[in-house]
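Below, read A as the first sequence line, B as the second, and so on, with proteins coming before strands; counting in each chain starts at 1.
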Amino acid sequence: MTSAEPTPPESVAAFPIRDYDLEATLTSGQAFRWQRLDRGWEGVIGARWLRVSATADTLCVQTAEPVSDWQWLIDYFQLHVELDRVLATFPDDPPMRAAVAACRGLRLLRQDPWECLASFLCSSSKQIVQIRQIIALLCERYGEALVVPPGHTPVSAFPTAARLAACTEDELWECKLGFRARNLSFAAQMVADGRIDLERLRRLDCAAARHQLFRLCGVGRKISDCVLLFAYGFQEAFPIDVWVRRALHQLYFPRRHLTARPLEKFTLTHFGPHAGYAQQYLFHYMRTKRGGRTAPPSAGAAPDRLRT
DNA sequence: GCCCAGGTGAAGC
DNA sequence: GCTTCACATGGG
């Protein structure tokens, strides 16, 4: 090619990175469709199949079709975020130091609001491996087929709200959703017919956006916080699930019983302006550290209660 | 077989 | 305000 021609779109690209742990990021329960494949990861962002891999200083990306503008990828992986600045805002206490030491390089992704919302509607009281199964079925059955490399097994996009709204509740039930089928069905209808506008939430503040998400059946504090954090990037959102609750009890309040309210209050003030980021470190740390699964939240809780 | 999972909403106290 | 329970299902 001559230099006079405009730069042709490419299907491979490399981006400089630093402090980016792709494995921790893609396995930390934010996104549920990434598959490890030999040295890289395969997944779907929007309507694009892609393969990514990382070295210490480079993120390598391959798509099935040429790409002229990579902004969608930069947004999704949040490549512009300087992790140092985020980590510097974390409280300097033993639990956070341990969590950062264990999974430094873990990042928050920026996902599509509908995919994120629908995914976490499937998540309640399910293990991550099961959530992945549910979502795989939804995509396989109701997602739009995507262009993949020659010879590659077919891959589909995450199903649109309109497509899931057109499903019967039984059809969703068949995707192993159980009692979550009704909530997903209602949410899909609300989004598809415009009763809730997920794009508009971007312009609201965190509390107002949360208030809107609460209008959906099956969306409470935890699921709304996941969407606010993983899709909209509200850094103050702090999802408290069984693992994070366990982390808070074990690491910050051993031998004390804190109820949900004071625990939430603690998280609102203690973890700083990037509390949601800190939460993700605690979550992944608890799930991956040796013995993390032992000692459930209430085990060994002393009778002395913190006055509320 | 048993326990538990990135929960929520309702009921009872 | 807090605790308990039903809601389905399957992984380990």
Side-chain angles (χ1 to χ4, degrees), chain A residues 24-34 99 103 106 108-109 111 115-138 169-187 190 210-211 213-231 234 237-250 256-265 267 275-299 301 303-308:
Chain A
T25 300
L26 298 181
T27 61
S28 64
Q30 312 176 54
F32 302 99
R33 298 198 64 197
W34 290 98
C103 41
L106 170 62
L108 287 180
L109 301 169
Q111 301 179 61
E115 176 169 347
C116 189
L117 169 63
S119 295
F120 280 97
L121 273 170
C122 302
S123 77
S124 59
S125 208
K126 278 288 182 195
Q127 297 176 1
I128 288 178
V129 57
Q130 295 174 298
I131 301 167
R132 292 172 57 88
Q133 289 171 4
I134 292 169
I135 290 170
L137 281 172
L138 287 172
E169 213 174 295
D170 283 347
E171 285 175 323
L172 297 183
W173 195 281
E174 292 300 315
C175 295
K176 305 191 177 187
L177 273 158
F179 63 84
R180 303 156 198 83
R182 169 163 294 182
N183 292 336
L184 181 60
S185 177
F186 284 166
M190 295 265 291
R210 178 183 286 119
H211 189 70
L213 292 172
F214 278 170
R215 293 170 52 214
L216 298 162
C217 294
V219 175
R221 179 70 190 209
K222 192 269 169 182
I223 291 180
S224 65
D225 272 351
C226 285
V227 178
L228 292 168
L229 184 62
F230 302 143
F234 288 112
F238 195 100
I240 301 177
D241 76 319
V242 290
W243 288 99
V244 174
R245 185 172 301 116
R246 188 174 295 156
L248 294 170
H249 277 119
Q250 285 183 10
R256 264 197 264 180
H257 177 79
L258 280 190
T259 55
R261 192 60 65 163
L263 207 58
E264 179 196 323
K265 199 164 183 179
T267 66
Y277 235 106
Q279 171 277 152
Q280 196 64 10
Y281 271 79
L282 288 175
F283 177 78
H284 194 63
Y285 172 54
M286 289 301 283
R287 279 177 43 84
T288 53
K289 81 179 179 122
R290 209 185 73 80
R293 189 177 291 276
T294 60
S298 56
D304 58 315
R305 288 159 179 261
L306 190 82
R307 192 163 295 282
T308 54

Any carboxylate oxygen within less than 4.0 angstrom of a Lys/Arg side-chain nitrogen, looking at A:Glu115 and A:Arg33?
no
Validation row: A:Gln280, A:Cys103 side chains within 4.5 angstrom (heavy atoms):
no
Counting distance only, does the side-chain N/O of A:Glu174 pair as donor-acceptor with the main-chain N or O of A:Glu171 below 3.5 Å?
no
Identify whether any heavy atom of A:Ser28 sits under 4.0 Å from a base atom; if not, whether one sits that close to sugar-phosphate; answer base, sugar-phosphate or nothing.
base
So, taking the atom named CD in A:Gln127 and the one named CZ in A:Arg132, what distance separates them when rounded to the nearest 0.5 Å?
13.5 Å
Heavy atoms from C-beta onward define the side chain here; which of C:dT3, B:dG7, C:dG11 lies closest to that of A:Thr259?
C:dT3
Gap between atoms CZ and C1', on A:Arg182 and C:dT9 respectively (whole Å):
17 Å
Output one line per pair: protein atom, nucleotide atom from nucleotides 8-11 of chain B, and distance, for all N/O pairs under 3.5 Å.
residue: B:dT8; atom: OP1; partner: A:Gly220; partner atom: N; Å: 2.8
residue: B:dT8; atom: OP1; partner: A:Gly220; partner atom: O; Å: 3.2
residue: B:dT8; atom: OP1; partner: A:Lys222; partner atom: N; Å: 3.3
residue: B:dT8; atom: OP1; partner: A:Ile223; partner atom: N; Å: 2.9
residue: B:dT8; atom: OP2; partner: A:Lys222; partner atom: N; Å: 3.3
residue: B:dG9; atom: OP1; partner: A:Gly218; partner atom: N; Å: 3.2

Residue pair A:Gln279, A:Ile240: steps toward the side chain to side chain contact (heavy atoms under 4.5 Å, CB included) verdict
CA-CA 8 Å; A:Gln279 171 277 152; A:Ile240 301 177; over 6 Å; no
Spacing between A:Glu264 atom CD and B:dG7 atom C1', to the nearest angstrom
14 Å
From CD of A:Glu174 over to P of C:dA8, roughly how many Å is that when rounded to an integer?
14 Å
Rounded to whole angstrom, note down the P distance from B:dA10 over to C:dA8.
15 Å
To the nearest Å, give me how far apart NZ (A:Lys126) and P (C:dA8) are.
12 Å
List the steps, then state whether side chain to side chain contact (heavy atoms under 4.5 Å, CB included) holds for A:Asp241 with A:Ser123.
CA-CA 11 Å; A:Asp241 76 319; A:Ser123 77; over 6 Å; no
What is the distance from CH2 of A:Trp173 to C1' of C:dT9, rounded to the nearest Å?
10 Å
Write down the distance separating the C1' atoms in C:dC5 and B:dC4, rounded off to the nearest Å.
16 Å
Taking the minimum atom-to-atom distance to the side chain of A:Ser125, which one of C:dA8, C:dC2, C:dT9 wins?
C:dA8
Name the residue closer to the 5' end of DNA chain C, choosing between A:Gly178 and A:Gln133 according to the nucleotide with the nearest heavy atom.
A:Gly178
Rounded to whole Å, CD1 of A:Ile134 lies from P of B:dG7 at a distance of 11 Å
By the 4.0 Å heavy-atom rule, please label A:Phe230 as base, sugar-phosphate, or nothing.
base
Between P on B:dA5 and CD on A:Gln130, what's the gap in Å once rounded to a whole number?
11 Å
Do the rings of A:Phe120 and A:Phe32 sit parallel, tilted or perpendicular, given the 30° and 60° boundaries?
perpendicular
